There are 2 protein chains.
Amino acid sequence: MELRQLQYTLQIAKEKNFSRAAQKLHIAQPSLSQQLAKLEKEIGILLFHRNTNSVELTHAGAQFIEKAQSIMDLVEQLKNEMDDISQLRSGKLIIGSLPITGSHILPFVLPVFRQRYPEIEITLVEETSANLEQLTVSGQTDISLLTLPINEPMIAFQEIIRDEIMLCVPPMHQLAAMQAAPAEVELRSLAEQSFIVLKKGQGFRQITIDLCAE
Amino acid sequence: MELRQLQYTLQIAKEKNFSRAAQKLHIAQPSLSQQLAKLEKEIGILLFHRNTNSVELTHAGAQFIEKAQSIMDLVEQLKNEMDDISQLRSGKLIIGSLPITGSHILPFVLPVFRQRYPEIEITLVEETSANLEQLTVSGQTDISLLTLPINEPMIAFQEIIRDEIMLCVPPMHQLAAMQAAPAEVELRSLAEQSFIVLKKGQGFRQITIDLCAE
DNA sequence: CCCTCTTACGTGGCTCGTAACAATA
DNA sequence: TATTGTTACGAGCCACGTAAGAGGG
């Protein structure tokens, strides 16, 4: 039993006439007869009474087209669904991000995206840079927003924004005097200072350490 | 899109392994790859992520098999239904009968039939012999129980019972005396009697008239 | 005689299998 | 090297079209 045969049978039932049904289906009329005959042989029962000038559903035929129609409807739904997904009108996107990015950048981006693709379901995963790299490589996130540098060679990346790193000190600090005339601070001049750094696995910690290693 | 492809896809999703799925489907593994590739090309989206040692559904694939399963289930139902009908386990039977047959013969037959084929729906049409002939020829009844002779040449028939025709008279009637020693009555001796005959179109009227025509 | 569906038969396309290949553990 | 999925290619089957047949008004 093939979908083609269901479709043909439905068309015959609709037209009650093989020739017209064949025209609608864009096939030759004998081919239609053949396919129906084959189907009837397969299921072992006549679907239509054919008299010279009338084509009528048998009882079995009436039962048949009822289910056949449901099947064809479902197939149609399935095709449309796949179409939506393949044209990115619906789907699922898993975005990995740093907690800070998640709260500073995504709130501006996601609403726009949602409006444009309302059928796409978005899942947000917040992790450290190091973990995000692993999640992205293993496919557990579709894309991730993280900080350079990236160690994992499998990852393709593109720079989005470049940020200045600022040095902050309390008002009493010896460097606070510079605030009146801001200028670049020689890293070397901070060599003796103590810093609070981020936890291991967070990108900014590495950046900080790399900078100070000089 | 073909039912075969749905079935193949479902099997792959079940096994998460092309080779095993191909075995279950009794086809060669490359044929399975081919069909899936063809399907994916048709709908324009990948249904499975294939890594060297894992086969996993994509989001689209998961949506796909859900509907595909419903479709295959419906197809299975359809087949079973047709099977039932073709094996006469279910269906519809329109029986034509004379009112008298309907009340004397069918009450003995139908209960037995119903028990044997509970899924067959029976419709009873009571009509005169002449009308039943027409209904049967035009297919409005599947079979009819009526009285011979049958005028319509298209009808195939089989004799079921043969009945004696009795002559009844009131107690005072001149022929009532014969009741003591019943014997055949010469039709000729009734020539002068008057009869009440049935309406036109009823078989027994014709029989009576034919007999008396001699 | 025209219109209907069926039967007969040859052709092209499609699914299948075998074989060779590629990738990974 | 064993096991996985993919690519290549030839063979048989099947749906199709054309042509001829058959049954009814």
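Keep in mind that what you see is a predicted model, and the values were worked out from it rather than measured. Letters A, B, ... mirror the listed sequences (proteins, then strands); counts begin at 1.
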Sugar-phosphate, base or nothing in reach of B/Gln35, heavy atoms under 4.0 Å: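 If one applies the 4.0 Å heavy-atom cut-off, B/Gln35 turns out to touch the sugar-phosphate alone, with no base involved.
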Sugar-phosphate, base or nothing in reach of B/Phe48, heavy atoms under 4.0 Å: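 Nothing, no nucleic acid heavy atom in range.
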[X] [atom1] to [N] [atom2]: how many Å, rounded?
| X | N | atom1 | atom2 | result |
| --- | --- | --- | --- | --- |
| A/Glu42 | D/dC14 | CD | C1' | 14 Å |
| B/Met1 | C/dC14 | CE | C1' | 17 Å |
| B/Leu32 | C/dG17 | CG | C1' | 13 Å |
| A/Gln29 | C/dT4 | CD | C1' | 8 Å |
| B/Leu39 | C/dC14 | CG | C1' | 15 Å |
| B/Glu40 | D/dT7 | CD | P | 11 Å |
| B/Lys41 | C/dT15 | NZ | P | 12 Å |
| B/Glu2 | D/dC14 | CD | P | 14 Å |

Kindly say if [X] contacts the phosphate of [N], meaning a side-chain N or O under 4.0 Å from OP1 or OP2.
| X | N | answer |
| --- | --- | --- |
| A/Gln34 | D/dA15 | no |
| A/Lys38 | D/dC14 | no |
| B/Arg50 | D/dT4 | no |
| A/Ser33 | C/dT6 | yes |
| B/Ser31 | C/dG17 | yes |
| A/Arg4 | D/dC16 | yes |

Donor-acceptor pair between A/Asp73 and A/Gln69 side chains, under 3.5 angstrom: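 The criterion, which ignores hydrogens and geometry beyond distance, is satisfied for A/Gln69 and A/Asp73.
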Any side-chain donor near an acceptor of the partner, B/Glu66 and B/Ser70, under 3.5 Å: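 No, B/Ser70 and B/Glu66 have no side-chain donor paired with an acceptor closer than 3.5 Å.
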Going by heavy atoms in the side chains, are [X] and [Y] under 4.5 Å from each other?
| X | Y | value |
| --- | --- | --- |
| A/Phe113 | A/Leu93 | yes |
| A/Leu6 | A/Glu2 | no |
| B/Leu110 | B/Ile95 | yes |

Backbone N/O of B/Glu15 and side chain of B/Arg20: donor-acceptor pair under 3.5 Å: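 The answer is yes, because a donor-acceptor pair under 3.5 Å joins these two groups.
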B/Met82/A/Leu47 under side-chain contact (heavy atoms from CB on, under 4.5 Å): CA gap, chis, key distance, verdict: CA-CA 10 Å; B/Met82 292 300 108; A/Leu47 296 177; 4.3 Å; yes
Strand-adjacent residues in residues 13-25 of chain A, judged by heavy atoms under 4.0 Å from DNA chain D: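 Contacting residues: none.
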